[in-house]
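What follows is a single structure, written as structure tokens, with notes after it.
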Amino acid sequence: SLIPRYNGAVSDNAVDLGTSGNRFKDLYLGGGVRLGGTAAANSLDHYEEGTWTPSVSVGSVTYSEAKYTRIGRVTHVSAYLNSFTNRTSSSTVTISGIPIVADGYASQGVMYQYIQGAGDAVTAYLSDGGSAILLYSTVSGGGYDSISHSQLNSSSANVFLSLTYVV
């Protein structure tokens, strides 16, 4: 086994691997990387990035910049959605196709245009065990109101969503 040494003596937490001017190029490991400790909770054991294909439950939608990154148990998805073909249904806007199912609840604000009755804010919501993102707005009195396709009252309606969740 390779043991770090400093000035010829066995050392712990005293030896750097490279310097700012003398770096190693790549690192290939058969196991995970442990940061800040040796416990399993300190293991960075998964990294993945790619694209995903958003779809809606009613009609279709055009999308761009649909990307995701997973680091350990945390996944981040983002997408720009526009050109919703169904703008008359009373069904809730449900965006499916996220690459990894959630293990816990997540919600985050979205940027949007042309959503009638959305109030001041729209939120992307992902339920525990969920594989689809729902859009909600707040209503007077403090309640939540799901966004329906009929509220997308313009062919220019669009949503930019960005959501981070645990898997």
Side-chain angles (χ1 to χ4, degrees), residues 26-27 29 31-167:
D26 291 313
L27 181 62
L29 302 172
V33 174
R34 300 202 185 242
L35 303 172
T38 59
N42 297 83
S43 179
L44 176 57
D45 57 0
H46 192 102
Y47 180 85
E48 178 182 345
E49 63 183 54
T51 59
W52 61 291
T53 305
S55 61
V56 289
S57 56
V58 179
S60 62
V61 66
T62 301
Y63 65 89
S64 61
E65 299 301 316
K67 299 177 181 180
Y68 78 95
T69 303
R70 176 180 173 182
I71 302 172
R73 293 188 59 223
V74 177
T75 298
H76 178 79
V77 296
S78 60
Y80 173 70
L81 309 171
N82 62 354
S83 300
F84 293 84
T85 60
N86 187 305
R87 294 187 311 278
T88 59
S89 172
S90 60
S91 296
T92 299
V93 175
T94 303
I95 304 158
S96 56
I98 62 169
I100 303 164
V101 173
D103 181 17
Y105 298 93
S107 67
Q108 221 157 331
V110 302
M111 197 165 72
Y112 65 95
Q113 285 183 311
Y114 305 108
I115 299 178
Q116 180 180 10
D120 294 330
V122 172
T123 298
Y125 169 74
L126 184 59
S127 65
D128 183 15
S131 60
I133 298 168
L134 305 176
L135 298 180
Y136 283 90
S137 66
T138 54
V139 293
S140 60
Y144 302 109
D145 192 20
S146 60
I147 301 291
S148 68
H149 283 269
S150 62
Q151 289 177 266
L152 306 171
N153 63 340
S154 166
S155 60
S156 297
N158 63 72
V159 174
F160 177 79
L161 65 89
S162 178
L163 185 65
T164 302
Y165 60 97
V166 175
V167 298

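When atom types are taken as modelled, the side chain of Asn158 and the backbone of Ser156 share a donor-acceptor pair closer than 3.5 angstrom. Side-chain N or O atoms of Arg34 include none that pairs as donor or acceptor with a backbone N or O of Gly36 at under 3.5 Å.
In this structure, Leu135 and Val159 have side chains that are in contact, with non-hydrogen atoms separated by less than 4.5 Å. Side-chain contact between Val167 and His46 is absent, with no heavy-atom pair separated by less than 4.5 Å. Counting heavy atoms from C-beta on, the side chains of Ile98 and Leu126 come closer than 4.5 Å. Taking 4.5 Å as the limit, some side-chain heavy atom of Asp103 sits within range of a side-chain heavy atom of Asp128. For the pair Val93 and Ile95, the minimum side-chain heavy-atom distance is below 4.5 Å. Contact check for Ser78 versus Glu65: no side-chain heavy atoms found under the 4.5 Å cut-off. Here the side chains of Pro99 and Val77 are in contact, with some heavy-atom distance below 4.5 Å. A 4.5 Å side-chain heavy-atom check between Ser155 and Arg87 finds at least one atom pair inside the cut-off.
In terms of heavy atoms, His76 sits closest to Ser162 at CE1-OG, 2.9 Å. The two residues Ser137 and Gly117 make their nearest non-hydrogen contact at OG-O, 4.1 Å. Nearest heavy-atom pair across Phe160 and Val110 is O-CB, 3.4 Å. When all heavy atoms of Ile147 and Ala118 are compared, the pair lying nearest together is CD1-CB, 4.2 Å. When every heavy atom of Pro54 is checked against every heavy atom of Leu81, the shortest pair comes out as CB-CD2, 3.7 Å. Pairing each heavy atom of Tyr112 with each of Val122, the nearest pair is CE2-CG2, 3.4 Å.
With sequence neighbours excluded, the residues that form a ring-ring contact (aromatic ring centres under 6.0 Å, His included) with Tyr125 are Tyr136. By the side chain to side chain donor-acceptor pair (under 3.5 Å) test, Gln108 pairs with no residue at all, sequence neighbours left out.
A donor-acceptor pair shorter than 3.5 Å cannot be found between the side chains of Thr92 and Thr94.
For OH of Tyr47, the number of neighbouring non-hydrogen atoms (other residues, nucleotides, ligands) closer than 6.0 Å is greater than 12. The 12-atom threshold is not exceeded at OH of Tyr114, counting heavy atoms of other residues, nucleotides or ligands nearer than 6.0 Å.
One distance of note links CG of Leu163 with OG of Ser107; it measures 7.5 Å at 0.5 Å rounding. Between atom NZ of residue Lys67 and atom OH of residue Tyr80 there is a gap of 15.5 Å, rounded to the nearest 0.5 Å. Of the inter-residue distances, the one linking Ser90 atom OG with Gln151 atom CD reads 10.5 Å to the nearest 0.5 angstrom.
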Worked verdict on Ile115 versus Leu152 for side chain to side chain contact (heavy atoms under 4.5 Å, CB included): CA-CA 5 Å; Ile115 299 178; Leu152 306 171; 3.8 Å; yes
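Applying the salt bridge (charged side-chain N to carboxylate O under 4.0 Å, His left out) test to residues at least two apart or on different chains, none of the pairs has a partner in residues 35-47.
The one candidate from Ser57, Ser131, Ser55 that meets the side chain to side chain donor-acceptor pair (under 3.5 Å) condition with Ser96 is Ser55.
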